[in-house]
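The structure under discussion appears below in the form of structure tokens.
In the text below, chain A, chain B and the rest are named by the order of the sequence lines, each starting its count at 1.
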Amino acid sequence: MSELESELVRRRLTKLDKLRARGIDPYPHRYRRSHTVRQALDLFVSSEQSGACEPTTDTVSVGGRIIVFRGMGRATFADLVDGSGRVQLLFRRNNLPDLYDLLADLDIGDWLGATGPLFRTRTGEITVEVRKFTVLSKAIRPLPEKFHGLVDVESRYRQRYLDLISNEESRRVAVLRSRIVSGVRRFMESRDFIEVETPTLVPVAAGATAHPFETHHRALDRKLYLRVAHELYLKRLVVGGLEKVFEIGKVFRNEGIDLMHNPEFTMLESYEAFADYNDVMSMVEDLVYSLTAEVLGSPVVEYDGRSIDFTPPWPRLDLCAQIREHSGIDILALNDIEPLKAAMKSVGVEVSQQRSWGGLVDKLVSARVEPNLIQPSFLVDYPVEMSPLAKRRTDDSRLVERFEGFVAGGEICNAFTELNDPVDQRARFEEQEALRDRFHDEEMDRMDEDFLVAVEHGMPPTGGLGIGIDRLVMLFSGHPSIREVVLFPQLRSR
RNA sequence: GGGCCGGUAGCUCAGUCUGGUCAGAGCAUCGGACUUUUAAUCCGAGUGUCCUGGGUUCGAAUCCCAGCCGGCCCA
């Protein structure tokens, strides 16, 4: 702590001592408020509307944080904020003969309980005329500046509590996120899915193309991983006869951090027996559309300067056709790495980082197709090489029944008709393992023998889905950075 | 991993190009005035690891190098 900062803290600690010397506990165990700020304001307004010429209310007790003082000698105004809103307090010496001097030992940032009748000042502001007040928690560090608030992005992430105190927008996003998650839950439950919890610590980090975090369990003396997806455990449950399951939870990927990626993020996954990817597509549309209605009140959101309309149906776009249209490349005709790489180079797509055929296609899609997918849309029917857990199409065994949803040029979901043929599934895992060995690529999906045994016991026809919750919150809140929708984003240690 | 931008008081920011009364402002804090203010107002005061470490120079917040942290773009 710097000299000056410690000086500011020291002054507040002195006030703390002065409060205690008066016999006041600056950190009482409890305080019963009669009204939230919102309720108190509503009470006064309804009292006014009842037609009395002198609107009066019973005494209210409110509690909250003091965010500003306006001292005027023998009267002092203060603004008090709680979770529901802000209300002005007026302290007048003649109303507080014993307590008024105590104000000198209060600071911006302190939590206070205040009791008194409500009235309207001559400028029209509803105000508590304080007759009694109680220190609820003395703050010994100063709050950010009252007008600009906390602006420094790094401080906002590292000390999110200060961001929440200072910035209305941060509070809005936190609440919006909660509404989205609970809306997703209600939607899934309304369709008779049951919510389950599967392991976060897993022996095999399978189920997605991703680099896992590793850890070690001491008692078992074995390496464990943080899950990169929920997928394989949820499918085990479908094998077990839980026909409609979903999980909302963190998954962890040990990869780069940027605008769209945090190492831990929240994913909804669902699996539904007797459904295929067409059913899942309809469900995604319904889910997202109903969420917009529920939390935004409109199917149209403004994002990155564009209006995005989530009203179903969203176009189904054939992946290979889209690639042809936007790059001129026919990936199905170039089923080897080098020819595809050469074709991509010739149209100006950077390929130096890509080693596998699937990786090249992925790059081609993100470079040429995704930027065009502004309005909600689905890309359907992916090459089998990049989809080791999806079921092949009956009419073309090079493709699988898989789709991804895109909005504003970014992916929001990934889904397929699940591969339930245990022989094919084993072969696909073996291909992934071979690719990993060949390219030394830790991102390739992993053989999960225990999962294969489950599938060998018979998995019904099933449609599965993964939706990135963080992406939805970004879209709904209008923020292009995942760090704005995650309360505590990952940062380097200082 | 590469490029660009940023880091100055508790907070919000000037000052850096052009090295030399450049250690500044506002808010906050402290003292004083004020009983209907609301970014209250008025008078007065204190406050710094100029991100860190080197270097150049008579002299560095300012120029150079390296590093740390953050942001954006690219990979």
Side-chain angles (χ1 to χ4, degrees), chain A residues 1-15 18 66-81 85-97 99-101 103-110 116-131 139-163 165-167 255-262 304 344-345 348-355 359-360 362-364 366-367 371 409 479-484 489-494:
Chain A
M1 210 185 304
S2 73
E3 288 285 319
L4 179 62
E5 189 175 7
S6 65
E7 172 65 14
L8 292 170
V9 170
R10 195 188 57 73
R11 286 201 160 120
R12 285 174 176 236
L13 285 172
T14 301
K15 293 177 180 177
K18 285 167 71 183
I66 299 296
I67 57 160
V68 64
F69 278 110
R70 290 179 290 278
M72 307 202 49
R74 284 177 281 278
T76 297
F77 290 92
D79 289 348
L80 178 138
V81 166
R86 182 193 66 84
V87 68
Q88 180 169 262
L89 309 179
L90 172 57
F91 303 85
R92 292 175 18 146
R93 180 178 278 284
N94 56 340
N95 287 330
L96 297 158
L99 280 174
Y100 195 82
D101 291 342
L103 290 177
D105 295 328
L106 299 186
D107 285 295
I108 290 169
D110 292 352
L118 292 157
F119 75 107
R120 223 180 249 283
T121 63
R122 63 174 165 231
T123 51
E125 175 138 4
I126 301 171
T127 301
V128 179
E129 185 166 303
V130 180
R131 300 294 163 86
I140 62 169
R141 283 178 184 266
L143 244 38
E145 194 236 15
K146 65 181 173 188
F147 186 54
H148 301 91
L150 186 66
V151 171
D152 180 67
V153 175
E154 187 175 350
S155 301
R156 290 182 45 240
Y157 297 160
R158 290 191 194 276
Q159 295 180 278
R160 184 68 90 180
Y161 46 93
L162 294 179
D163 184 34
I165 292 168
S166 301
N167 297 312
E255 293 160 11
I257 297 174
D258 62 27
L259 274 189
M260 301 287 273
H261 299 89
N262 195 53
D304 200 18
M344 286 170 63
K345 264 187 199 162
V349 177
E350 161 65 40
V351 292
S352 62
Q353 300 294 309
Q354 302 304 326
R355 286 170 289 195
L360 286 167
D362 202 51
K363 174 71 192 178
L364 188 52
S366 55
H479 286 286
S481 168
I482 192 172
R483 294 181 210 91
E484 291 294 341
Q490 196 65 43
L491 299 175
R492 283 177 211 274
S493 52
R494 228 173 354 190

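Not a single donor-acceptor pair, N or O on each side, falls under 3.5 Å between the base of B:rU36 and the side chain of A:Arg122. Between the base of B:rU36 and the side chain of A:Glu125 there is no donor-acceptor pair shorter than 3.5 Å.
Across all strands shown, A:Arg156 has no heavy atoms under 4.0 Å from either base or sugar-phosphate atoms. A:Ile108 comes within contact range of the sugar-phosphate backbone alone, with a heavy-atom separation under 4.0 Å but no base atom that close. No contact: A:Arg120 has no heavy atom under 4.0 Å from any strand. Residue A:Ser493 is classed as a sugar-phosphate contact, given heavy-atom separations below 4.0 Å to backbone atoms only. At a threshold of 4.0 angstrom between heavy atoms, the contacts of A:Gly71 include nucleobase atoms, whether or not backbone atoms are also involved.
Atom CG of A:Asn95 is separated from atom P of B:rU36 by 13 Å (rounded to the nearest Å). Distance CZ (A:Arg93) to P (B:rU37): 20 Å, rounded to an integer number of Å.
When both pairing distances are held under 3.5 Å, B:rG26 makes a Watson-Crick or G-U pair with B:rC11. Of the nucleotides present, none pairs with B:rU16 by Watson-Crick or G-U wobble criteria with both distances under 3.5 Å. With a cut-off of 3.5 Å on both Watson-Crick or G-U wobble distances, the partner of B:rG70 is given as B:rC5. Under the Watson-Crick or G-U wobble criterion, with both distances below 3.5 Å, B:rU56 is left unpaired in every strand shown.
The side-chain hydrogen bond (donor to acceptor under 3.5 Å, both in side chains) check on A:Ser352 picks up A:Glu350, with sequence neighbours excluded. For A:Arg70, the side-chain hydrogen bond (donor to acceptor under 3.5 Å, both in side chains) partners two or more places apart in sequence, or in a different chain, are A:Asp79, A:Gln88. Partners of A:Asp362 by side-chain hydrogen bond (donor to acceptor under 3.5 Å, both in side chains), not counting sequence neighbours: none found. Judged as a side chain to side chain contact (heavy atoms under 4.5 Å, CB included), and not counting sequence neighbours, the contacts of A:Asn94 are A:Arg92. Residues passing the side chain to side chain contact (heavy atoms under 4.5 Å, CB included) test with A:Lys345 are A:Val351, sequence neighbours excluded. When the side chain to side chain contact (heavy atoms under 4.5 Å, CB included) test is applied to A:Ser166, the partners found at least two apart in sequence or on another chain are A:Pro144, A:Leu150. Residues meeting the side-chain hydrogen bond (donor to acceptor under 3.5 Å, both in side chains) test with A:Glu145, sequence neighbours left out: A:His148. Every side chain to side chain contact (heavy atoms under 4.5 Å, CB included) that A:Met260 has, sequence neighbours left out, goes to A:Asp258, A:Arg471, A:Met474.
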Can you give me the N/O atom pairs linking the protein to nucleotides 73-75 of chain B at distances under 3.5 Å, or say none if there are none?
none

Under 3.5 Å, which N/O atoms of the protein pair with N/O atoms of nucleotides 30-32 of chain B?
| unit_1 | atom_1 | unit_2 | atom_2 | d |
| --- | --- | --- | --- | --- |
| B:rC30 | OP1 | A:Lys15 | NZ | 2.6 |

Using nucleotides 13-16 of chain B, report all nitrogen or oxygen pairs with the protein that are shorter than 3.5 Å.
none

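Here the side chain of A:Asn94 is nearest to one of B:rU12, B:rU35, B:rU37, namely B:rU35.
Side chain of A:Thr14 to backbone of A:Arg12: no donor-acceptor contact under 3.5 angstrom is found. Under the 3.5 Å distance criterion, the side-chain polar atoms of A:Asp105 are left unmatched by any main-chain donor or acceptor of A:Lys15.
Note on A:Arg12: every side-chain N or O is 4.0 Å or more away from OP1 and OP2 of B:rG10.
Comparing B:rG1 with B:rU47, their C1' atoms sit 43 Å apart, to the nearest whole Å.
Side-chain contact between A:Phe69 and A:Phe77: absent, with no pair of heavy atoms (C-beta onward) separated by less than 4.5 Å.
Within the structure, salt bridge (charged side-chain N to carboxylate O under 4.0 Å, His left out) contacts touching residues 152-162 of chain A (residues at least two apart or in different chains) are A:Glu154-A:Arg158, A:Arg156-A:Asp163, A:Arg156-A:Glu484, A:Arg160-A:Asp163.
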